[in-house]
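What follows is one structure encoded as structure tokens, with my remarks underneath.
Numbers restart at 1 for each chain; the letters A, B, ... are given by sequence-line order, proteins then strands.
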Protein chains: 2
Amino acid sequence: MPDPQTTASRRERLRTQTLQELKAASLAEVRERGAVGLSLRSVARRLGMSPAGLYRYVDSREQLLTLLIADGYHDLADHLLAALGTPPAERTAGDGATPEVPVIAGPDDDVAERIRAVALAYRAWSVAHPNVFGLLFGDPIPGYHAPPGGPTVEAMNRVGRALAQPLIEAWHQGRLRLHPALDAEELAGPLAPMVPVTAELPPAVLARLLLSWGRLHGQVSLEVFGHHHWLLPEGCEELFRADVEVTLRDLGVT
Amino acid sequence: MPDPQTTASRRERLRTQTLQELKAASLAEVRERGAVGLSLRSVARRLGMSPAGLYRYVDSREQLLTLLIADGYHDLADHLLAALGTPPAERTAGDGATPEVPVIAGPDDDVAERIRAVALAYRAWSVAHPNVFGLLFGDPIPGYHAPPGGPTVEAMNRVGRALAQPLIEAWHQGRLRLHPALDAEELAGPLAPMVPVTAELPPAVLARLLLSWGRLHGQVSLEVFGHHHWLLPEGCEELFRADVEVTLRDLGVT
DNA sequence: TTGCACTGCGAACACTGTTCACGTAAAAAC
DNA sequence: GTTTTTACGTGAACAGTGTTCGCAGTGCAA
């Protein structure tokens with residue numbers, strides 16, 4: 001896999017470099033002011049460029065946001081995979097500026113510990129980058145829909161696979177308890193489109209994956225968006241850990 | 001309780017009336033274009049007013065949004081209470097324009113059915129008003145924090161109480177299974193501030209309430225924000241129902 | 001009837017995303 | 001080595017935004 005930094009022409013090198021700077025400056029702005037606070041003129045000032053000059057690198061503000069969204073998914077996926085002990089074989093697309101290293105999972109056969117690891121990493125990344133979390137999982141851009149095979153969906157898939165991985169391991173070990181409600185044939189139809197992305201898993205397992213992600217996400221979402229910040233003034237990591245334990249018990253892996 | 005429509009002076013009547021129109025027009029704009037798409041000049045045009053005139057009724061765009069947020073919480077709470085069969089004794093603050101009537105709960109002693117009713121009503125309201133849902137639970141306004149005793153928090157509390165009500169009933173009937181992880185003494189401290197709002201409930205029950213809300217919310221949030229819309233093209237009510245059943249089983253009420 | 005607080009308006013300011021014509025510098029073609 | 005084409009960057013402009021200010025009227029109370 002050739003490195004574009006060395007093989008590409010001088011033009012292309014400069015181009016990708018300033019595009020990286022553009023995205024970095026925009027990401028910084030999103031980090032401090034949120035997605036709605038991203039101003040093209042402001043990032044142009046940061047780069048010492050004219051506002052019009054940005055349009056040589058980006059079609060619109062909206063497209064710039066989708067670039068940041070894809071990068072954000074990749075960054076989150078990298079952290080989840082790191083928490084699972086996966087070596088950085090996959091490319092790291094985010095800027096990787098997160099200081100703290102997430103919990104390293106235990107031995108590979110300890111599924112419960114691996115599930116804890118991804119869950120805690122999901123929460124740790126989210127509370128560390130609340131505005132990026134909001135960019136990824138908050139209000140969608142009103143009219144926008146990600147192109148089906150595009151880089152956003154691919155990046156999102158990496159997150160999904162990282163979250164699903166330990167659960168799939170548990171299922172392969174026969175340690176994933178399934179619930180009769182998940183075997184309803186009404187689920188087979190709606191879940192069919194998932195099959196190409198998650199290999200040949202029975203619908204009940206697919207449902208388990210989606211529902212587990214939903215539980216995890218709900219807890220993190222409420223905390224990051226400050227919706228029980230007025231109930232629980234401090235960050236509630238203990239509550240989150242308790243939730244993970246309850247879910248582990250419910251999944252049957254502990 | 002005197003009706004301000006009749007007792008107040010003519011001035012005040014006109015004032016509250018145009019304020020209602022202002023909020024209604026703003027809510028309509030939010031409904032179609034989302035919270036970020038709310039434009040003061042646009043609602044001024046709808047009302048046939050000058051943009052500057054709005055500032056006689058509203059301090060800023062941000063304050064107008066918080067008014068809509070409080071109304072949104074009240075509207076959601078009304079729907080949850082209606083699903084529980086509560087008569088409209090509490091005032092209805094939303095515009096109540098939701099067409100479909102949520103599921104009416106079964107007999108009062110059937111806690112499982114009552115929990116199903118609130119959960120389904122929560123989802124039904126959310127998918128019916130995705131942009132208002134985003135206003136309530138999406139990205140928070142960057143620098144904003146709701147004033148602790150203000151109307152926003154009070155409205156939010158009504159939602160919380162409606163969600164908690166059937167679970168508390170289940171606990172009173174001794175049918176709520178608690179998990180040992182919820183009894184950890186680390187939770188007692190962080191949960192202490194909740195006590196004034198939810199009477200004298202043991203920390204394990206409080207934790208159950210928060211965690212159950214989180215699960216419910218995560219599933220709804222992912223669906224409303226379209227985060228598995230590319231996996232499950234159709235709305236996944238079946239998946240949600242399955243989640244509710246799994247949760248009911250986990251809670252021990254079924 | 002006289003004062004006064006309230007309501008609304010037009011103009012203005014500072015800001016935003018985006019487009020367009022216009023140079024200039026680098027790469028490509030001859 | 002010269003010429004042509006392509007890419008880059010700019011300043012000015014347009015339409016739109018939230019917000020403020022000074023100035024008219026109008027309804028209410030003394």
Side-chain angles (χ1 to χ4, degrees), chain A residues 4-23 25-30 32-69 135 139 141-144, chain B residues 4-23 25-30 32-69 135 139 141-144:
Chain A
Q5 287 286 345
T6 61
T7 115
S9 73
R10 168 180 165 81
R11 260 265 180 72
E12 298 180 25
R13 267 186 302 146
L14 289 183
R15 177 170 183 81
T16 65
Q17 177 181 335
T18 63
L19 184 87
Q20 297 296 342
E21 291 178 19
L22 202 170
K23 292 202 293 183
S26 307
L27 180 60
E29 191 123 325
V30 167
E32 23 185 300
R33 282 197 265 283
V36 288
L38 174 65
S39 152
L40 287 188
R41 294 185 112 103
S42 174
V43 317
R45 281 191 291 270
R46 286 205 200 208
L47 299 184
M49 266 212 288
S50 158
L54 299 185
Y55 284 79
R56 300 286 157 179
Y57 298 90
V58 147
D59 291 344
S60 65
R61 193 189 108 107
E62 181 177 310
Q63 192 236 340
L64 172 59
L65 279 176
T66 72
L67 292 181
L68 296 183
I69 289 175
L135 177 67
D139 311 272
I141 302 178
Y144 178 73
Chain B
Q5 288 286 344
T6 60
T7 114
S9 72
R10 170 180 165 81
R11 262 268 182 71
E12 297 181 26
R13 268 187 300 148
L14 289 182
R15 178 171 182 80
T16 64
Q17 178 181 335
T18 62
L19 183 82
Q20 296 296 342
E21 291 179 19
L22 202 169
K23 291 201 295 183
S26 306
L27 180 60
E29 191 123 322
V30 166
E32 23 186 300
R33 283 197 265 283
V36 288
L38 174 65
S39 153
L40 288 189
R41 294 184 114 103
S42 173
V43 317
R45 282 191 290 269
R46 286 205 200 208
L47 299 185
M49 267 214 285
S50 158
L54 299 185
Y55 284 80
R56 300 288 154 175
Y57 298 89
V58 146
D59 290 345
S60 64
R61 193 189 108 109
E62 181 177 307
Q63 193 236 339
L64 172 59
L65 280 176
T66 73
L67 292 180
L68 296 183
I69 289 175
L135 176 66
D139 312 270
I141 303 176
Y144 178 73

Please report, rounded to the nearest Å, how far the C1' atom of D/dG18 is from the CG atom of B/Leu64.
-> 12 Å

Interatomic distance where CE belongs to A/Met49 and P belongs to D/dG11 [whole Å] = 13 Å

Can you tell me how far C1' of C/dT7 sits from CD of B/Gln17, to the nearest Å?
-> 14 Å

Is there a side-chain contact between B/Leu64 and B/Leu38, using heavy atoms and a 4.5 Å cut-off?
-> yes

Using a 4.5 Å cut-off on heavy atoms from C-beta on, say whether the side chain of A/Leu54 contacts that of A/Leu47.
-> yes

side-chain contact (heavy atoms from CB on, under 4.5 Å) between B/Val36 and A/Asp139, intermediate numbers included | CA-CA 9 Å; B/Val36 288; A/Asp139 311 272; over 6 Å; no

Can you tell me the distance, in whole Å, between the CZ atom of A/Arg56 and the C1' atom of D/dT6?
-> 11 Å

What's the CG-C1' distance between B/Leu54 and C/dG8, to the nearest Å?
-> 10 Å

Distances under 3.5 Å between protein N/O atoms and the N/O atoms of nucleotides 13-17 of chain C, please, pair by pair.
| unit_1 | atom_1 | unit_2 | atom_2 | d |
| --- | --- | --- | --- | --- |
| C/dT16 | OP1 | A/Ser39 | OG | 3.2 |
| C/dT16 | OP1 | A/Arg45 | NH2 | 3.4 |
| C/dG17 | OP1 | A/Leu40 | N | 2.5 |
| C/dG17 | OP2 | A/Leu40 | N | 3.2 |
| C/dG17 | OP2 | A/Arg41 | N | 3.0 |
| C/dG17 | N7 | A/Arg41 | NH1 | 2.5 |
| C/dG17 | O6 | A/Arg41 | NH1 | 2.9 |

Calculate the interatomic distance between B/Arg13 atom CZ and C/dT7 atom C1'; express it in whole Å.
-> 17 Å

Taking the side chain as C-beta and beyond, is there a heavy-atom pair between B/Ser60 and B/Gln63 under 4.5 Å?
-> yes

Salt-bridge present (A/Glu29, A/Arg61; N to O < 4.0 Å) = no

Between B/Tyr57 and B/Leu22, the two heavy atoms sitting closest are CB-CD1, 3.7 Å

Send over the distance from A/Leu14 CG to D/dC8 C1', rounded to a whole Å.
-> 11 Å

Roughly, in whole Å, what's the span from CG in B/Leu19 to C1' in C/dT7?
-> 14 Å

